[in-house]
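Just so we're on the same page: letters track the sequence lines, and every chain starts at 1.
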Amino acid sequence: MKKSARFFSLFVTMALAALMGACGGPPTEAMDAAEDALLNAAWAEDCAQETFRSAKKMLDEAKQASADGDYDEAKRKAEAASRLAEQARKDAELDREECERRKSAMNQIDDRLGDKDGSPGVDRTDVFSLATIYFPFNEFALSDSSQTDLSHNAAWLLDNQALRIRIEGHTDDRGSTEYNLALSQKRAQVVKRYLQTLGVDASRMTIIPYGEEKPASFGAGEGDHAKNRRAEFVTF
Amino acid sequence: MCYRTVDARVQLEETLHPESHAHLRGNNRYLREIEEGADFTKAVFGMIRKIDESLLSQASKGSRVNTQLARFETARGRAARELWLIAGVMLLLMLLSAGSVVAQGLDEEEGVNVVVNAQDRVPIAVSDAVGKGSVDAQIGKDIAVILRRDFEISGVFDVIDPTAVLPGLDGETLVSTDYAKWFSSGAEALVKAEYSLNGSSLEIDFRLYDTTKAKEISITYEKPAATADKFRMATHAFANAVVQYYTGQEGIFGQTLLVVRKGKGSSHVYQIGTDGAGLTKVSSGSGINLLPAWGPGGGVLFTSYDSGNPDLVLSSGSSTSSLSGHSGLNSGADYCAKSGRIALTLTKDENPEIYTIGSDGSGLQRLTDNAYIDTSPSWSGDCSKLAFVSNRGGSAQIYVMNADGSGATLVTNVGTYNTSPSWGKGGKIAFTARDEYNVFDIFVVDPNSGYMERLTQDQGNNEEPTWSPGGGYLAFTSTRDGGSKLFIMTSDGRFQTAVTDGGGFETPAWSH
């Protein structure tokens with residue numbers, strides 16, 4: 001349903017663009033290119049969420065500018081939207097495996113949330129695993145997508161009150177060993193605090209920082225680094 | 001006179017680095033002044049100032065400030081060194097052609113002190129040690145191998161092998177030396193040794209010769225006892241004495257570094273000699289052991305995950321005891337013997353903060369208190385201050401504070417990732433910086449003036465510096481030829497030598 005809506009709006013936009021193109025004013029080509037770039041990057045939406053959203057927003061602004069008759073501005077924004085969409089695709093491609101994993105996790109959650117009654121006899125702990133939270137280099141702030149992941153994690157933790165969790169903080173292996181320990185502590189700490197704000201009792205959560213000592217991936221590529229900058233959950 | 005001076009200038013200019021050369025060409029006025037006999041000091045300072053101005057204006061224009069400033073420091077240092085060399089040679093030529101005799105008294109009898117950062121290394125030859133009485137050829141070879149390696153790492157010498165060209169030199173005895181042959185083979189210093197075995201005890205007679213003066217240099221030093229199995233320390237002691245003779249500075253051989261070696265899934269603390277020999281495991285178990293430092297009573301402090309929590313432990317002899325076991329991090333200890341205090345990072349209240357404890361783990365005192373990261377404390381030589389890393393200003397930078405946590409001030413203000421401070425005896429703080437090309441390199445900064453120098457560049461990632469006890473050298477890790485090897489460099493960064501063959505080495509710690 002979501003998908004068909006997206007296609008419909010695309011169709012309308014293209015039709016409009018074609019009409020306006022006939023008038024000679026609006027930057028039809030640039031807008032079309034941006035739409036194409038967004039379509040190409042659509043599969044990456046779950047992985048490069050922020051960049052993809054920025055691309056979408058930029059294209060919306062381009063459309064608005066075009067509707068207002070400010071064609072130069074519309075062209076500039078459409079081109080920026082193309083670049084952002086391309087960036088989102090590239091970012092996601094760097095780490096395609098992880099992206100697919102996250103998508104399937106999201107689908108699982110969507111499936112479960114869609115089926116509110118739940119299937120009797122299915123133990124949720126078998127199906128659901130607490131989503132790992134990822135971070136950019138040398139940062140410990142939660143992105144929008146991480147906050148979404150954590151809200152799902154929190155919902156599950158509230159449903160499973162008997163379980164306790166250990167939050168393990170990690171970094172990639174670049175930079176100071178000692179600073180990375182502190183950084184991994186901060187990552188685990190912000191995750192714990194966020195879960196707390198979502199109602200998970202602090203007494204159920206402990207933290208352990210591992211710095212760069214326990215990589216999820218042993219390679220030295222950006223994809224490996226991205227996989228290693230994380231906060232993981234262990235239940236007990 | 002003028003002709004000879006100009007000739008010398010041309011020759012010297014040819015040896016200049018292109019960058020300095022360009023600046024010199026742009027400042028011909030100063031060179032003319034020198035040729036015309038103007039005040040040398042004034043002219044050279046004028047040129048250096050000119051180079052400073054031009055490089056600074058470039059730096060302020062560029063957006064890549066970090067690299068520009070580092071290049072500025074490098075180029076400035078190089079230009080200054082080269083200019084002083086030129087000025088010196090010109091002065092000498094002028095004095096000679098004017099017939100002045102000022103050389104008298106320059107040639108001191110003994111102990112001519114050449115600083116470690118001399119323009120060129122002293123070419124030194126080391127003969128295999130010869131046996132007196134019962135002979136063990138392997139001992140003779142091993143002694144020479146140890147000496148050659150020490151001389152290489154010292155940065156003071158260029159170790160050469162004249163016997164490859166003049167095999168006859170091999171046959172010399174300990175005391176009969178054909179100076180002319182050694183000198184013409186390129187060796188300016190020559191080391192010979194003779195050993196004699198008495199049962200298991202080994203007597204080694206080391207000799208140092210100056211081939212440029214055609215004489216033996218007698219050096220006195222404390223000789224450790226040696227046996228047929230253990231003569232490394234006795235050999236290091238002589239190497240140190242030779243380094244001391246040529247530089248007036250400490251020799252570092254025979255000292256021990258602590259280092260972590262990382263495997264897949266486990267890390268262990270090791271001891272290793274400054275020449276890379278004697279790698280010995282300190283930590284046990286199969287877990288994670290990190291961030292070693294020399295502790296009270298010659299013990300080894302490090303962070304171990306053996307208990308399931310990163311605790312600070314002290315390994316002394318064959319026993320290991322826990323010194324700090326708060327929930328969360330107990331990491332990065334630095335012990336200052338003069339005050340008996342250990343500085344470390346704890347996360348017992350979740351946020352990483354710096355504390356100090358006594359040498360038995362008691363007397364906890366908190367030094368930092370804010371919502372940011374504070375970590376990596378390193379004591380000043382007199383235990384009155386600490387350098388540390390904090391991101392309180394938005395990015396990881398080096399700060400200093402008093403031993404009680406008061407008076408925290410920012411030291412580094414370039415770049416966005418400056419970590420791993422090590423405060424040296426000479427007062428300077430060495431640290432690792434990440435530049436805008438995501439490369440890690442080692443810098444030193446004077447915490448009082450903020451004056452910064454770059455010691456490594458364009459050779460892989462260089463990280464985790466630690467000062468030698470006397471401040472003449474730094475140990476660090478580098479990925480320049482694969483893996484992460486342990487390196488030692490002179491404190492000005494000019495001579496850098498790999499100490500280990502293998503990789504996987506991290507966070508070296510020299511004694512305070």
Counting only non-hydrogen atoms closer than 4.5 Å, does B:Ser376 touch chain A with its backbone (N, CA, C, O), its side chain (CB onward), both, or neither?
both

Taking ring pair (Phe, Tyr, Trp, His ring centres under 6.0 Å) as the cut-off, I'd like each qualifying pair that reaches into residues 172-195 of chain A, sequence neighbours left out, listed once.
A:Tyr179-B:Tyr417

Chain A: which of B:Thr345, B:Thr432, B:Leu290 shares the most heavy-atom pairs with it under 4.5 Å?
B:Leu290

Identify the two heavy atoms, one from B:Thr419 and one from A:Ser176, that lie closest to each other, and give their separation to 0.1 Å.
OG1-CB, 3.3 Å

Could you tell me which portion of A:Arg166 (side chain, backbone, both or neither) has an atom closer than 4.5 angstrom to a non-hydrogen atom of chain B?
neither

Pair B:Asn391-A:Lys186, side-chain donor/acceptor within less than 3.5 Å:
no

Which of A:Ala188, A:Ala182, A:Pro215 touches chain B most, by non-hydrogen pairs under 4.5 Å
A:Ala182

Do B:Pro352 and A:Leu183 come close enough that some side-chain heavy atom pair is under 4.5 Å?
no

Return the CD to CD1 distance between A:Gln185 and B:Ile373, rounded to the nearest 0.5 Å.
9.5 Å

Given heavy-atom pairs under 4.5 angstrom as the criterion, report whether the side chain, backbone, both or neither of B:Asn351 touches chain A.
both

So which part of B:Thr347 gets closer than 4.5 Å to some heavy atom of chain A, the side chain, the backbone, both or neither?
both

If you compare all heavy atoms of B:Glu464 against all heavy atoms of A:Thr177, which two are closest, and at what distance to 0.1 Å?
OE2-N, 3.2 Å

Step-by-step side chain to side chain contact (heavy atoms under 4.5 Å, CB included) determination, B:Tyr305 to A:Lys214:
CA-CA 12 Å; B:Tyr305 281 71; A:Lys214 286 196 162 186; over 6 Å; no

With a cut-off of 6.0 Å (strictly less than), are more than 12 heavy atoms of other residues, nucleotides or ligands near NZ of B:Lys428?
no

Atom group of A:Phe140 that falls short of 4.5 Å from chain B, counting heavy atoms:
side chain

Sort B:Glu350 into side chain, backbone, both or neither according to what part of it lies under 4.5 angstrom from a heavy atom of chain A.
both

Atom group of B:Thr507 that falls short of 4.5 Å from chain A, counting heavy atoms:
side chain

Decide if atom NZ of B:Lys348 counts as having more than 12 heavy atoms of other residues, nucleotides or ligands within a radius under 6.0 Å.
yes

Around atom CD of A:Glu29, are there more than 12 heavy atoms from other residues, nucleotides or ligands closer than 6.0 Å?
no

Evaluate B:Ser420 against A:Glu178 for side chain to side chain donor-acceptor pair (under 3.5 Å), listing each step before the verdict.
CA-CA 7 Å; B:Ser420 310; A:Glu178 193 168 358; over 6 Å; no

Crowding at NZ, A:Lys75 (>12 non-hydrogen neighbours, <6.0 Å)
no

Contacting moiety of A:Glu212, where chain B heavy atoms sit under 4.5 Å
both

May I ask you to check whether over 12 heavy atoms, not counting those of B:Asp481, lie within 6.0 Å of atom CG?
yes

Which atoms of A:Leu181 approach chain B - backbone, side chain, both or neither, heavy atom under 4.5 Å:
both

